[in-house]
K.L.:
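Below is a structure I'd like to ask you about.
Atoms considered below: every heavy atom in the structure, side chains included; atoms not considered: hydrogens, waters and symmetry mates.
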Amino acid sequence: MTSNPHQLVDLNVAPRRLTAAELARHLAGGDASALLMSLIQITGDTSLLERFGPRLTSEVRADTRLIPIRRLDDEDFAELEKLLIDALVGDASGPYLQVPDDRLFREMIAFAAGDEIPDEFVGVIKEQAGFVPSVPGSAAEPPSDFKIAILGAGMSGISAAIAVADAGFAYEIFESGDEVGGTWRINTYPGVAVDTPSIYYSFSYELEANWSKYYPLGDEYQNYLLRVVDKYGIRPHIRFGTTIESLVWDDAAQEWVVTATTGGQVVTTRANAIITAAGFLNRPKYPDIPGRESFAGLSVHSAEWDPAIDLAGKRVGVIGAGATAVQVVDAIAGQVSHLTLFQRQAHWITPNHLGEGIVPAGERWLQENVPFYDRWQRARTYWFISDRPYGIVRVDPEWAATHELSISPANDQLLQLCQGHLLASFGHCPELLAAMTPNFPPQGKRIIRDPGNYYGALTKDNADVVTTPLAEVAPEGIRTADGTLVELDVIIYATGFTLDFLSTIDIVGRDGIRLAEQWNNGDDPRSYLGGTVPNFPNLFVTSGPNSSSGHGGGHNFMTEAVAYYITQCLRLLVDRQARSIEVTHEAQDEFLVQVDEQMAGSIWSYALDAHTYYRNSKNRVILSSPWRMVDLWRMLRTPDATKFVLR
C-alpha cells in the first residue's frame with residue numbers, strides 16, 4: 001500500500017468570461033430559475049431574488065424534461081438575459097458568492113423548485129447539489145502506518161477511496177475484474193442504462209455537464225467513472241484481477257489479515273481497516289429449473305453478455321420481468337423473429353414521456369459554461385426525486401383497508417399513472433392487460449421505468465408473454481408446467497443476481513466468529529447504521545443491510561453518506577489514539593429495534609404478495625432503509641462514541 005497525499009475537494013468556481021454571442025444563443029433555452037440563482041451567485045446581488053423570484057411560474061412538460069420547468073414572462077426573461085450577459089462578458093467584477101448562507105439558500109431553492117423547502121433539508125440539498133463537499137475536510141494526519149483495504153472498485157469503492165484519501169489515509173483497492181466500474185463494468189447487455197436521472201446520478205463533488213441523455217446509457221456512465229478514477233489518482237492504488245478469499249482479524253496486532261488470489265497465486269497482506277465495497281448483488285442468479293445445460297441453442301445471462309451475439313432473425317426467450325428484462329426486451333424486440341417473455345410476476349412500469357430522452361445541446365452548454373447553473377439544476381432534481389416521494393412507500397392503514405392496490409393517497413397517484421400506461425398499451429387486449437397487471441401496490445417491488453418500447457414490443461404479432469410456471473429447459477427450448485414446449489434459438493436469463501451480503505468471503509472476526517454464521521449466510525444481515533458489526537473491529541460495510549433508499553434518490557447518495565460516516569469513524573479512532581473501533585452489541589440491538597419499528601409502516605412490510613429481494617426468507621426487510629434520505633444523512637453525520645469500543 002502506498003500513502004496518498006491529502007487532496008481536499010475544492011468546489012470553488014473560478015470567474016468565467018463568455019462572449020455575448022454565445023450567451024445570447026443559449027440562454028433562451030435555459031431554465032429561468034437556475035439562471036436566476038446563477039446570476040445571484042455571480043453578482044452577489046441578493047436583491048435579484050426578491051425582484052424576480054415571485055414572478056417565476058412552473059410549467060410541466062413531461063415530454064421533454066424530468067421536473068417542472070420554471071419560467072418568467074418574455075419581458076422579465078429578456079431583462080434576466082441582459083443582466084447575465086452584462087455579468088459574464090468583459091472584466092470580472094469580483095469573486096462569486098460561492099455558497100449562500102443557509103437562510104438565503106433556503107429561499108433560493110424554494111424559488112428554484114417552486115415548492116416549500118423545510119429547514120431540515122437545507123444541509124443535504126446544499127451538499128448533494130455540489131455546493132459543499134460530502135467528503136470531510138482536513139484534520140490531524142492519521143498515523144503513517146495505518147492502512148485501509150477497500151474491496152471493490154465500483155461506485156462505492158471509488159467514493160470510499162476519495163473520502164479516505166481526503167482525510168490523509170493510505171489505502172489500496174482490491175478489484176476482481178480487469179477494470180473499475182462494478183455494475184457498469186459487468187453489465188453490457190443490450191439496452192443497459194441507468195434508471196436515475198443523469199444530472200443526479202454522479203458524485204456531488206464531481207458533476208458531469210455533458211450527459212447525452214436524461215437517463216445515461218451504461219457505457220456512458222462507465223466512462224464517467226473512468227474519468228473520476230483518473231482525475232483523483234485512484235488507479236495506481238488498485239490491484240486488478242484480485243479476488244478476496246478471506247479476512248481474518250488478528251486481535252493481538254489489531255489488524256486484518258487479507259488473503260487473496262491473483263494470477264493463480266495466493267497472496268497475503270495486512271490492513272488496519274477494511275471497507276467492503278463489493279455490493280450485495282454480484283453473482284448471476286439463474287432460475288431453479290432443471291435441464292439448463294441441455295439446451296441446444298445459445299443461452300446467456302444478462303450479466304455475462306457477449307457483444308458478438310447476433311439475435312437477428314432468432315427466436316428469443318427472455319426469462320425475467322425486472323428492470324434488466326425490461327431494458328433487454330425494449331432493445332432487442334426489433335431484431336428478433338419472435339420474442340417470448342417468461343414472466344413470474346408482473347412489475348409496475350411507469351411510462352416514458354421523454355422519448356429518447358436526449359438532453360438538448362443548449363442545456364448541456366449552459367451546464368458546462370454558466371457558473372452554478374448545473375448545481376441548481378441538480379438541486380432541483382434532487383428535491384423532486386429524493387424525499388418528496390416518501391409518502392408513496394408509507395402505509396396509511398385507513399386507506400389501505402379500502403383499496404386493494406394502493407396503500408395511501410400518494411401511492412394511489414403512482415398507481416393511477418402506471419395503470420394508465422397499462423390501459424393505453426394493452427386496453428385492446430384484455431388477456432395481455434391482465435397478465436401485465438401486478439397484484440400488489442406500486443413500490444412493493446422496485447418501480448421500473450419503461451425505456452420507451454417495452455410494453456409496445458409485447459403487443460406486436462411476433463411477441464408472447466408466458467406466465468405459466470417453467471417446468472424444464474429442453475434441447476429445443478423451454479417447457480412450461482402445462483406441458484407446452486416453446487421452441488427457441490436463444491435463451492436470455494435476465495434473472496438478476498444472488499443477494500450475497502459478503503457471504504462469499506470467509507470473514508473471521510474477534511474470537512474466531514465468522515460473519516457468515518452471524519449473518520446466517522447472508523440471509524439475515526444485521527449491523528449498526530448499515531455498516532458496522534459487533535465482533536468485527538475496523539470492518540466497515542458499504543451497501544450494508546437497511547442502508548439503501550427504497551423510495552427515491554440513487555445509489556450515489558448512499559455511497560457518499562456512508563463513505564463520509566466511515567471516514568468520521570476512522571477520525572474518531574485517530575483522535576482517541578486507538579487502533580481499533582468496534583460497535584457494541586447493545587448499540588446494534590437498539591438500532592435494529594428502531595429499524596423494525598419504522599419498517600413496520602412501510603410498503604415492504606405490508607405488500608407481502610410482491611416477490612422481492614428486499615426481504616429475507618422470514619419476510620424481514622433487510623435491504624431498504626425505512627427512513628427518509630434526510631434522516632439517514634443526519635444519522636451518518638457524526639459517530640456516537642458511546643456506541644463503540646475503542647482499543
K.L.:
Applying ring-ring contact (aromatic ring centres under 6.0 Å, His included), name anything that partners Phe372, two or more places apart in sequence or on another chain.
P.N.:
Tyr96
K.L.:
Tell me the closest heavy-atom pair linking Ala321 and Gln345, and the distance in Å.
P.N.:
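Of all heavy-atom pairs spanning Ala321 and Gln345, the closest is CB-O, 3.7 Å.
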K.L.:
Spell out, as yes or no, whether a donor-acceptor pair under 3.5 Å connects the side chain of Ser605 to the backbone of Met599.
P.N.:
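At least one qualifying donor-acceptor pair exists.
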K.L.:
Evaluate the criterion ring-ring contact (aromatic ring centres under 6.0 Å, His included) for residue pair Trp376 and Phe131; output intermediate values, then yes/no.
P.N.:
CA-CA 9 Å; Trp376 285 105; Phe131 287 101; 5.2 Å; yes
K.L.:
Using 0.5 Å steps for rounding, measure from the CG atom of Asp31 to the CG atom of Leu366.
P.N.:
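Interatomic distance, Asp31 CG to Leu366 CG, rounded to 0.5 Å: 10.0 Å.
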K.L.:
Compare all side-chain heavy atoms of Phe111 with those of Met37 and state whether any distance is below 4.5 angstrom.
P.N.:
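SC-SC contact between Phe111 and Met37 confirmed.
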K.L.:
Could you check if a side-chain atom of Leu592 sits within less than 4.5 angstrom of a side-chain atom of Arg620, using non-hydrogen atoms only?
P.N.:
yes
K.L.:
Would you say Glu127's side chain and Val132's backbone share a donor-acceptor pair under 3.5 angstrom?
P.N.:
no
K.L.:
What heavy-atom pair brings Gly530 and Ser547 nearest, and what distance separates the two atoms?
P.N.:
CA-CB, 4.3 Å
K.L.:
Run the numbers on Phe497 and Asn187 for side-chain contact (heavy atoms from CB on, under 4.5 Å), then give the verdict.
P.N.:
CA-CA 11 Å; Phe497 296 84; Asn187 288 291; 3.9 Å; yes
K.L.:
Backbone N or O of Ile447 within a donor-acceptor pair of the Thr350 side chain at under 3.5 Å?
P.N.:
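Judged by distance alone, no pair lies under 3.5 Å.
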K.L.:
Taking Thr542 for its side chain and Thr276 for its backbone only, find out whether a donor-acceptor pair lies under 3.5 Å.
P.N.:
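Side chain of Thr542 to backbone of Thr276, a donor-acceptor pair under 3.5 Å: yes, one is there.
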K.L.:
Answer yes or no: is there a donor N or O on one side and an acceptor on the other, between the side chain of Lys126 and the main chain of Pro100, under 3.5 Å?
P.N.:
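Between the backbone of Pro100 and the side chain of Lys126 there is a qualifying donor-acceptor contact (under 3.5 Å).
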K.L.:
Could you check whether any side-chain N or O of Arg106 sits under 3.5 Å from a backbone N or O of Val122, counting only pairs where one atom can act as donor and the other as acceptor?
P.N.:
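The answer is no, because no donor-acceptor pair under 3.5 Å joins these two groups.
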K.L.:
Can you measure from OG1 (Thr57) to CD1 (Ile69) and round to the nearest 0.5 angstrom?
P.N.:
10.5 Å
K.L.:
For ring-ring contact (aromatic ring centres under 6.0 Å, His included), just list the numbers for Trp633 and Phe557, CA-CA rounded to whole Å, side-chain angles, deciding distance to a tenth of an Å, and then say yes or no.
P.N.:
CA-CA 9 Å; Trp633 179 81; Phe557 171 85; 8.1 Å; no
K.L.:
Mind checking ring-ring contact (aromatic ring centres under 6.0 Å, His included) for Trp627 and listing every partner two or more places apart, or none if nothing turns up?
P.N.:
Phe591
K.L.:
With a 4.5 Å cut-off on side-chain heavy atoms, are Ser198 and Tyr215 touching?
P.N.:
no
K.L.:
Compare every heavy atom of Ala400 with every heavy atom of Val395, then report the nearest pair and how far apart it is.
P.N.:
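Shortest heavy-atom separation between Val395 and Ala400 comes out as CG1-CB, 4.1 Å.
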K.L.:
Looking just at side-chain N and O atoms, do Asn411 and Gln443 make a donor-acceptor pair shorter than 3.5 Å?
P.N.:
no
K.L.:
Please report the interatomic distance OG1(Thr437) to CD1(Ile349), rounded to the nearest 0.5 Å.
P.N.:
11.0 Å
K.L.:
Is it the case that the side chains of Arg364 and Gln367 hold a donor-acceptor pair, with the cut-off being a distance below 3.5 Å and no angle test?
P.N.:
no
K.L.:
Drop me the distance from Ser33's OG to Leu35's CG, to the nearest 0.5 angstrom.
P.N.:
8.0 Å
K.L.:
Please determine, by modelled atom types, if Tyr373 and Glu363 share a side-chain donor-acceptor pair under 3.5 angstrom.
P.N.:
yes
K.L.:
Using atom types as modelled and distance alone, determine if a side-chain donor or acceptor of Asp330 lies under 3.5 Å from a backbone N or O of Asn453.
P.N.:
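Yes; at least one donor-acceptor contact below 3.5 Å.
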K.L.:
Determine, step by step, whether Met629 and Val124 satisfy the side-chain contact (heavy atoms from CB on, under 4.5 Å) criterion, reporting the C-alpha distance in whole Å, the side-chain angles of both residues, the deciding distance to 0.1 Å, and the verdict.
P.N.:
CA-CA 9 Å; Met629 292 167 66; Val124 68; over 6 Å; no
K.L.:
Would you name the heavy atoms of Asn546 and Ser624 that are closest together and state the gap between them?
P.N.:
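Between these two residues, the closest heavy atoms are ND2-O, 2.9 Å.
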K.L.:
To the nearest 0.5 Å, what is the distance between CD1 on Ile385 and CD1 on Ile67?
P.N.:
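So the gap between those two atoms works out to 9.0 Å.
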K.L.:
Within the 4.5 Å heavy-atom criterion, are Thr188 and Asp219 side-chain neighbours or not?
P.N.:
no
K.L.:
Which heavy atom of Ala167 sits nearest a heavy atom of Thr567, and at what distance?
P.N.:
CB-CG2, 3.5 Å
K.L.:
Determine, stepwise, if the pair Leu623 / Phe501 fulfils side-chain contact (heavy atoms from CB on, under 4.5 Å).
P.N.:
CA-CA 10 Å; Leu623 191 68; Phe501 276 118; 3.9 Å; yes
K.L.:
Could you give the distance from OH (Tyr214) to CG (Leu354), rounded to the nearest 0.5 Å?
P.N.:
7.5 Å
K.L.:
Is a side-chain donor or acceptor of Gln222 paired with a backbone partner of Val180 at a separation under 3.5 angstrom?
P.N.:
yes
K.L.:
Taking atom types as modelled, find out whether His403 and Asp412 have a side-chain donor-acceptor pair closer than 3.5 angstrom.
P.N.:
no
K.L.:
Can you find a pair of side-chain heavy atoms, one from Val370 and one from His26, that are under 4.5 Å apart?
P.N.:
no
K.L.:
Verify the neighbour count for atom CZ of Arg446: are there more than 12 heavy atoms of other residues, nucleotides or ligands below 6.0 Å?
P.N.:
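Atom CZ in Arg446 is not packed in, count stays at 12 or less.
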K.L.:
What verdict does the side-chain contact (heavy atoms from CB on, under 4.5 Å) test give for Gln413 and Leu417, after you've listed the backbone C-alpha separation in whole Å, the side-chain angles of each residue and the deciding distance to 0.1 Å?
P.N.:
CA-CA 6 Å; Gln413 287 186 338; Leu417 177 70; over 6 Å; no
K.L.:
Glu560 side chain to Ser204 main-chain N or O, any donor-acceptor pair under 3.5 Å?
P.N.:
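Looks like yes, one N/O pair under 3.5 Å.
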K.L.:
Got Val630 and Glu120 here, is their nearest side-chain heavy-atom distance under 4.5 Å?
P.N.:
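Heavy-atom side-chain distance check passes, below 4.5 Å.
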K.L.:
Angle class for the Tyr224/Tyr221 ring planes (parallel below 30°, perpendicular above 60°, tilted otherwise)?
P.N.:
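Correct class here is tilted.
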K.L.:
Any side-chain heavy-atom pair from Asp166 and Tyr205 closer than 4.5 angstrom?
P.N.:
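The answer is no, as the side chains (C-beta and beyond) never meet within the 4.5 Å cut-off.
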K.L.:
Heavy atoms only: give me the nearest Glu220-Lys213 pair and the separation to one decimal.
P.N.:
OE1-N, 4.3 Å
K.L.:
If only atom types and distance count, is the side chain of Arg449 paired as donor or acceptor with the main-chain N or O of Asn352 below 3.5 Å?
P.N.:
no
K.L.:
Side chains of Met155 and Asn556: closer than 4.5 Å at any heavy-atom pair?
P.N.:
yes
